[in-house]
Amino acid sequence: MTSSSPAIDRKLDIDAIRKEFPVLHQQVNGRDLVYLDNAATSQKPLKVINALIDYYQGYNANIHRGIHTLAERATKAYEETRHTLKRFINARSEQEIIFTRGVTESINLVASSYGRAFIKEGDEIIVSGLEHHSNIVPWQLLCEEKKATLKTIPVLPEGVLDLDAYRKLLSSKTKIVSVNHASNSLGTINPVKEIIKLAHEAGAVVLLDGAQSGAHIEIDVQDLDCDFYCLSSHKMYGPTGTGILYGKTDLLEKMPPYQGGGEMIKEVTFEKTTYNDLPYKFEAGTPNIADVVAYKYAVDFINELGREAMAAYEHELLSYATERISKLKGVQLIGTAPEKVSVLSFTVEGIHHFDIGQMLDARGIAVRTGHHCTQPLMTCFGIEGTVRASFAVYNTRKEIDQLAESLERIINFMK
């Protein structure tokens, strides 16, 4: 089962797109690389790579406090990325865009700042059974510290959330609901608008983990009415080590600083420190300037191709891969939600997923194997892990054919 899709835009020139990604054009173990590990990290187009080179070669300087030419140029480029991301997710203000190291730090920021300020003993936090460890462990730490309770939305056999159970979990004690927009293990797109509405009716705030949605799904934080939204650059054709936390202004204003240091202050004396305005209150120290600057070019790449056209093409790849892989002997698909991003997770009867991954790598095919940092979800399905193939706009049907043919050879050999 794969998601319903808009009409496929045949104008996308995949050959031209592939030329923008130098890393794709190499051999691994004597074979042309087939990169199908995009849910872990996507590859980077030339415009992103060149932006990094341009920064370091042309205007490397610290930002915001300098008055010399290089500092002003670096500050302008850095803040242009904030403006670009504000538009990308339709935030109300650039003050609502906080730069972090990515989704993991964004969630920890909210848990540490909002959580420690507003969660008290007896309160309840809800996550889902589809979550990455980074959207479980910070809340566990907070609950342990505050003597709060962590509750979990169950996952149904097809890999979708049990919304009836979610409704029953909600109560006046619920203070935070934190779920992913799309599952990294199964690709399931969650009904986040309904999840948010129900949480707000119970008086809770909602954080959405957007790690798997940034490159695949139209995001409008105002329409969703989420309180917090997190993105990682490296999942959406940008550099590693940077991302954003979106937060509603009124919430961010009430939250204490996450870290102390330079930039997040207005005035420091030994008696008292006053804090900077948003968004800088949460951006202590010298940031990851080069990668933030280059992040803009990744967003530009997505905008230029168009998220609707990209999603339609990726849907075509996922549908084709699902059809090919599901017909192979002993294959069981894990996660058959009707609405998915381009993730195909499966097991093969009698063959360990690590063995499959290694044998595929020997044929130049990169997939992810293991529990995908979702051990509770694997336990729910009664398995140790899966083979996960995940697709991006630069992948092709030919590559899926290579995956299917290689899997068939492996299955026949191992049986």
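Hydrogens, waters and symmetry mates are skipped; everything else that's a heavy atom, side chains included, is used. Please read these numbers as outputs of a predicted model, since none were measured by experiment.
- Checked by atom type, the side-chain pair D291/H234 shows no donor-acceptor distance below 3.5 Å.
- If you run side-chain contact (heavy atoms from CB on, under 4.5 Å) between L318 and each of V343, N395, L344, only L344 comes through.
- For the 3.5 Å distance criterion, the side chains of H132 and D209 fail to qualify, holding no donor opposite an acceptor.
- T396 has its side chain out of reach of Y320: every pair of non-hydrogen atoms, C-beta onward, lies at least 4.5 Å apart.
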- Checking salt bridge (Lys or Arg N to Asp or Glu O under 4.0 Å) for the pair K76/E72: CA distance, chi angles, key distance, verdict? CA-CA 6 Å; K76 182 174 183 291; E72 290 181 348; over 6 Å; no

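- The distance from the CZ atom of F391 to the CZ atom of R397 is 11.5 Å, given to the nearest 0.5 Å.
- No side-chain donor-acceptor contact under 3.5 Å links S233 and T242.
- Shortest non-hydrogen contact noted between I400 and L317 is CD1-O, 3.4 Å.
- Shown are L33, V34, I365; of these, the side-chain contact (heavy atoms from CB on, under 4.5 Å) with V28 is made only by L33.
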- Are E201 and K197 close enough, and set up right, to give a salt bridge (Lys or Arg N to Asp or Glu O under 4.0 Å), and what steps lead you there? CA-CA 6 Å; E201 288 172 357; K197 179 177 180 293; 2.7 Å; yes

- Q212/N180 under side-chain contact (heavy atoms from CB on, under 4.5 Å): CA gap, chis, key distance, verdict: CA-CA 8 Å; Q212 297 299 326; N180 55 41; over 6 Å; no

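- L245 places none of its side-chain heavy atoms less than 4.5 Å from the side chain of Y258.
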- Should I219 and L231 be marked as a side-chain contact (heavy atoms from CB on, under 4.5 Å) after you check the CA-CA gap, both sets of side-chain angles, and the distance that decides it? CA-CA 11 Å; I219 301 166; L231 289 174; 4.1 Å; yes

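- Side-chain atoms of T41 and D37, non-hydrogen and from C-beta on, never get closer than 4.5 Å to each other.
- Aromatic rings of Y35 and F21 (six-membered ring for Trp) have centroids beyond the 6.0 Å cut-off, not under it.
- With E94 contributing its side chain and K86 its backbone, the two residues share no donor-acceptor pair below 3.5 Å.
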- Going through the checks in order, is the ring-ring contact (aromatic ring centres under 6.0 Å, His included) test met by Y78 and F99? CA-CA 10 Å; Y78 186 89; F99 286 119; 5.0 Å; yes

- Task: Applying salt bridge (Lys or Arg N to Asp or Glu O under 4.0 Å), run through D401 and K398 and close with a yes or a no.
- Result: CA-CA 5 Å; D401 288 336; K398 180 182 176 183; over 6 Å; no

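- Here H353 contributes atom NE2 and T347 contributes atom OG1; the two are 10.0 Å apart, rounded to the nearest 0.5 Å.
- Looking at N184, T336, T386 one by one, the single match for side-chain hydrogen bond (donor to acceptor under 3.5 Å, both in side chains) with S345 turns out to be T386.
- The environment of K47 atom NZ is dense: over 12 non-hydrogen atoms of other residues, nucleotides or ligands sit within 6.0 angstrom.
- With hydrogens and angles left out, the side-chain atoms of E96 and T249 include a donor and acceptor closer than 3.5 Å.
- F381 has its side chain out of reach of Q332: every pair of non-hydrogen atoms, C-beta onward, lies at least 4.5 Å apart.
- Using a 4.5 Å heavy-atom threshold, the side chains of M378 and T374 count as touching.
- Between the NZ atom of K296 and the CG atom of L85 there is a distance of 10.0 Å, given to the nearest 0.5 Å.
- For the pair L46 and K19, the minimum side-chain heavy-atom distance is 4.5 Å or more.
- For CD of E384, the number of neighbouring non-hydrogen atoms (other residues, nucleotides, ligands) closer than 6.0 Å is 12 at most.
- Remark: R92 CZ is packed, more than 12 non-hydrogen atoms of other residues, nucleotides or ligands lying under 6.0 Å away.
- In this structure, R18 places its CZ atom where more than 12 heavy-atom neighbours from other residues, nucleotides or ligands lie under 6.0 Å away.
- Separation of atoms NZ (K248) and OH (Y229) is listed at 14.5 Å; rounding is to 0.5 Å.
- Separation of the H371 and H133 ring centroids falls under the 6.0 Å cut-off.
- Crowding of E349 atom CD: a count of heavy atoms from other residues, nucleotides or ligands under 6.0 Å not exceeding 12.
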- Task: Go through the steps to decide whether L207 and I107 satisfy the test side-chain contact (heavy atoms from CB on, under 4.5 Å), and finish with yes or no.
- Result: CA-CA 8 Å; L207 179 146; I107 296 171; 4.0 Å; yes

- Trace of the side chain to side chain donor-acceptor pair (under 3.5 Å) decision for S106 with T100: CA-CA 6 Å; S106 295; T100 66; 2.8 Å; yes

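- Checked by atom type, the side-chain pair E316/S319 shows no donor-acceptor distance below 3.5 Å.
- Residues R167 and E194 meet the side-chain proximity criterion, which asks for heavy atoms closer than 4.5 Å.
- Using bins of under 30°, 30° to 60° and over 60° for the plane-to-plane angle, the ring pair Y55/Y59 lands in the perpendicular bin.
- Using a 4.5 Å heavy-atom cutoff, the side chains of E283 and I98 are in contact.
- Of the listed residues (E314, R307, K235, H181), just one forms a side-chain hydrogen bond (donor to acceptor under 3.5 Å, both in side chains) with H216, and that residue is E314.
- Taking CD from E79 and CD1 from I63, the interatomic distance works out to 6.5 Å, rounded to the nearest 0.5 Å.
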